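Owing to the predicted nature of the structure, the values given are computational and were not obtained by experimental measurement. In what follows, chains are A, B, ... by sequence order, proteins preceding strands, each numbered from 1.
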Amino acid sequence: MSFTTVLPSSNSKLFKNTTPMSKKHKFKPQFGRNENDRKSSGSGPSHSPAKRPMPPPQAHSTPPRKKARLSNGVASAIQEQRRELPIARGREALIREISANEVTVLIGETGSGKTTQVPQYLLEAGLAQAGMIGITQPRKVAATSLAARVSLEQGTPLGGCVGYAVRFDERAGPDTRVKYLTDGMLTRELLGDPLLSRYSVIVVDEAHERTLRTDLLLANLKRILRERNGSGKQKENPLKVVVMSATMDAEKFSRFFNDAKILYVKGRQHPVKIYHTSQSQTDYIDSAMRTFFQIHVDQPPGDVLIFLPGQEDIESLQKSLEMFSRQLPIDFPTVLIVPMFAALQASQQQDVFKPTPKGSRKCILATNIAETSITIPGVRYVIDTGKSKEKRYLAGPTGSGFDTLLTRDITKSSAMQRAGRAGREGPGFCYRLYTEDAFKQMAAAPEPEILRCSLVQAILQLMCVGQDIQELELMDSPDDDAIISALKNLFIIGAIDDKRRLTPLGRVLASFPLEPAHARAVVASKDLGCTSEILDIVSVLASSSKLFLDVSDKRSEIADVRRKLVHPSGDHLTLLNTVRGYSTVGIADASTQENGKAGRNARREWARQHFVNERTLREAANIRDQLRVSCERAGFDWKVSCGDAEEPVLLALSHGLAQNAALITPDGTYKQTAGQQIVKIHPSSTMADKKVPAIIFDELVYTNQIYARGVSSIQKSFLASLGAFNTRKA
DNA sequence: TGGGGATTT
């Protein structure tokens with residue numbers, strides 16, 4: 001039985017020039033290209049064209065450190081590994097350059113070891129004598145795992161010489177010289193220490209990702225450099241900055257920091273052979289499926305990772321792949337299809353990390369989560385559809401706005417990142433389902449987040465430290481329209497007055513680690529006597545993952561068990577019911593350790609039965625604890641509860657979501673009060689298809705229509721009672 | 001009838 005008869009539309013293979021195992025014909029690449037081939041073959045850092053005289057290395061001694069107990073054999077093996085990293089050969093040059101320059105831009109390819117080694121080189125060269133070396137990461141898991149690795153390499157316990165700080169978790173102490181932290185955490189430290197005077201060196205890693213927090217941090221670092229190192233200053237406590245990035249934006253970072261020196265470090269990735277299609281594809285799902293089977297039939301063992309935009313595409317491709325795998329001849333390796341996306345249950349996410357059984361081939365269908373956040377072992381083949389979903393906030397003139405969540409072409413840097421996922425353990429292959437021309441036409445890197453997100457929270461926080469976003473020297477400044485929209489929003493919730501001055505209320509709102517709208521609801525709950533309820537609700541809204549899991553093929557079962565949790569007024573009180581339902585399970589007999597464990601098991605089982613994401617509930621509980629502390633500092637009682645009364649809760653939420661309200665129209669559609677937009681209630685809402693006079697909602701998202709998500713029914717009179725609503729009308 | 005991915009004293 002020939003493979004081509006299995007598939008409906010596979011008469012022509014997409015990739016004709018790959019080498020089937022069966023026919024060992026000569027390989028003649030037509031459009032395939034190995035990107036590693038064009039990379040420089042030199043090792044160690046090579047320098048940017050403008051060479052400057054190099055000063056002698058500074059003589060410093062390494063501070064004495066407490067050693068962790070490690071056998072000599074293990075310790076020397078670790079040091080041997082360090083010496084074998086590509087960056088090790090450039091150690092002295094790196095120390096010399098970073099010592100000599102105020103700002104250094106370091107371009108390091110994947111696998112160069114820059115993130116673990118540079119801080120240690122600087123430590124060993126004595127650059128952390130006066131203060132710490134701080135290394136920022138966009139993601140928490142990176143900060144914690146890097147700190148663990150580096151403390152092992154230093155032979156000191158975690159939290160000793162090497163530590164980390166991320167939200168809800170800190171392992172750092174008086175001895176800490178090297179601290180890994182999230183960029184958000186360091187931005188927060190700015191509030192209490194505007195000059196970051198505890199740090200001698202700040203290393204900004206993954207700067208190419210251009211997250212909102214990285215950009216705000218870079219702007220502040222530029223200011224701090226002027227203040228701490230500026231001419232005429234005594235330079236008692238100078239700061240050094242190292243910006244680390246993938247290759248794309250090196251010159252831009254360099255220009256931003258007054259033509260800072262650029263250093264390059266070659267990486268150690270296995271070569272990845274890249275193929276493009278000869279013609280552009282109209283149906284990437286079908287193309288992905290045909291390409292997978294082409295690999296499966298022709299190519300040696302190795303798992304396949306397919307990048308897709310979202311859950312819907314993943315599930316649809318999963319069905320097709322399963323259907324056609326069943327028709328494969330019996331002697332073919334079994335196909336094991338594993339989906340991977342953020343909203344997946346934790347237990348199912350674990351499946352991608354399980355070793356592939358002998359005689360089978362794993363096919364992972366993943367979103368962008370596999371591009372940076374997780375690394376899947378065993379992948380040898382990558383299929384890149386060239387698409388991803390991108391969220392972009394469109395600020396409206398009335399202080400409300402909406403997110404678009406649309407499938408778009410990826411960028412060159414994303415395409416290279418995806419390809420690199422095939423070369424982590426050995427030589428790999430990447431099949432791009434787009435032409436080489438299409439690749440060349442892709443944008444170099446994603447637009448910085450600061451140009452794509454709501455600025456409400458960022459502006460409020462900047463105002464609290466006396467900074468004006470329009471005067472701040474950012475790498476990319478947002479449009480005036482986006483700034484004006486955010487200012488209007490801040491005015492509506494009372495955070496600023498009509499002269500754009502921060503109000504006392506605004507300062508209180510900024511003291512909560514929440515979006516200003518949610519913080520406004522918390523403040524409103526004080527007078528309404530429902531702080532306990534509001535904290536339970538906003539802590540879930542502030543969590544990074546969704547509360548309710550959805551498994552498409554169990555839809556009716558899910559609806560049945562959820563019915564008990566659904567509140568007639570909508571999603572916010574349904575959230576509250578869920579948080580409370582979960583937290584009362586297994587509490588009765590938590591008095592002993594044994595019973596405490598039983599309680600945890602009972603709660604896990606409850607979450608499983610109700611298709612509720614326990615990870616979200618645990619994260620929400622952490623956030624709630626943090627919010628309780630914020631409440632105490634702001635001087636109000638977080639325990640105060642309104643019992644079963646729903647009205648105060650909805651009214652408090654309405655204060656925060658004043659600009660996110662809509663009224664029903666005679667034809668049964670909802671029209672927002674801030675603006676003329678017709679909005680539809682999202683199908684995932686408990687309010688979907690319900691007709692009520694007035695609603696508030698958490699957000700608007702445009703996919704194929706403008707949907708309101710997180711919807712509650714409110715009394716129309718609530719809106720009139722909000723000062724903000726009247727102000728806007730006036 | 002539909003949910004890219006991070007993050008906060």
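The outermost nucleotides of DNA chain B lying under 4.0 Å from heavy atoms of chain A, listed 5' to 3', are B:dT1 to B:dT9.
Using a 4.0 Å heavy-atom distance criterion, A:L191 is classed as making no nucleic acid contact. When heavy atoms are screened at a 4.0 angstrom cut-off, A:E189 is found touching no nucleic acid atom at all. Note on A:K546: nothing from the nucleic acid sits closer than 4.0 angstrom, heavy atoms only. Using a 4.0 Å heavy-atom cutoff across all strands shown, A:G310 reaches sugar-phosphate atoms only and no base atom. At a threshold of 4.0 angstrom between heavy atoms, the contacts of A:A342 are confined to the sugar-phosphate backbone, with no base atom among them. Residue A:T182 is in sugar-phosphate contact alone, with no base atom involved, counting any heavy-atom pair closer than 4.0 Å across all strands shown. Residue contacts for A:K680: at a heavy-atom cut-off of 4.0 Å it reaches no nucleic acid atom on any strand shown. Within the nucleic acid shown, A:S373 comes within 4.0 Å of sugar-phosphate atoms alone, with no base atom in reach, counting heavy atoms only. Using a 4.0 Å heavy-atom cutoff across all strands shown, A:R213 reaches at least one base atom of the nucleic acid.
Residues A:T211 and A:T214 bring a donor and an acceptor atom of their side chains to less than 3.5 Å of each other.
With salt bridges taken as basic N to acidic carboxylate O contacts below 4.0 Å, none links A:R198 and A:D193.
For A:E449, the side-chain hydrogen bond (donor to acceptor under 3.5 Å, both in side chains) criterion is met by no residue, not counting sequence neighbours.
For the pair A:R628/A:L535, a side-chain contact is recorded, criterion being any heavy-atom separation below 4.5 Å from C-beta on.
Exactly one residue among A:R392, A:K391, A:R210 makes a salt bridge (Lys or Arg N to Asp or Glu O under 4.0 Å) with A:E447. That residue is A:R392.
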Q | Residues A:E209, A:R139; criterion salt bridge (Lys or Arg N to Asp or Glu O under 4.0 Å); working and verdict | A | CA-CA 11 Å; A:E209 290 190 23; A:R139 282 166 291 281; 2.7 Å; yes

Q) After noting the C-alpha distance and the side-chain angles of A:E614 and A:R618, does the key distance pass the salt bridge (Lys or Arg N to Asp or Glu O under 4.0 Å) rule? A) CA-CA 6 Å; A:E614 199 184 12; A:R618 278 200 294 261; 3.4 Å; yes

Q) A:K179 and A:E189: salt bridge (Lys or Arg N to Asp or Glu O under 4.0 Å), yes or no, with the steps? A) CA-CA 13 Å; A:K179 189 156 103 177; A:E189 281 190 25; 3.4 Å; yes

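Listed by residue number, the members of residues 700-709 of chain A with any heavy atom below 4.0 angstrom from DNA chain B are A:T703, A:N704, A:Y707, A:R709.
Judged by the 6.0 Å and 45° rule, A:R452 forms no cation-pi pair with A:Y393.
Annotation: of the two residues near DNA chain B, A:P513 and A:N368, the 5′-most nearest-nucleotide partner is A:N368. Closest-nucleotide positions on DNA chain B for A:E312 and A:A542 were compared, and the one nearer the 5' end corresponds to A:E312.
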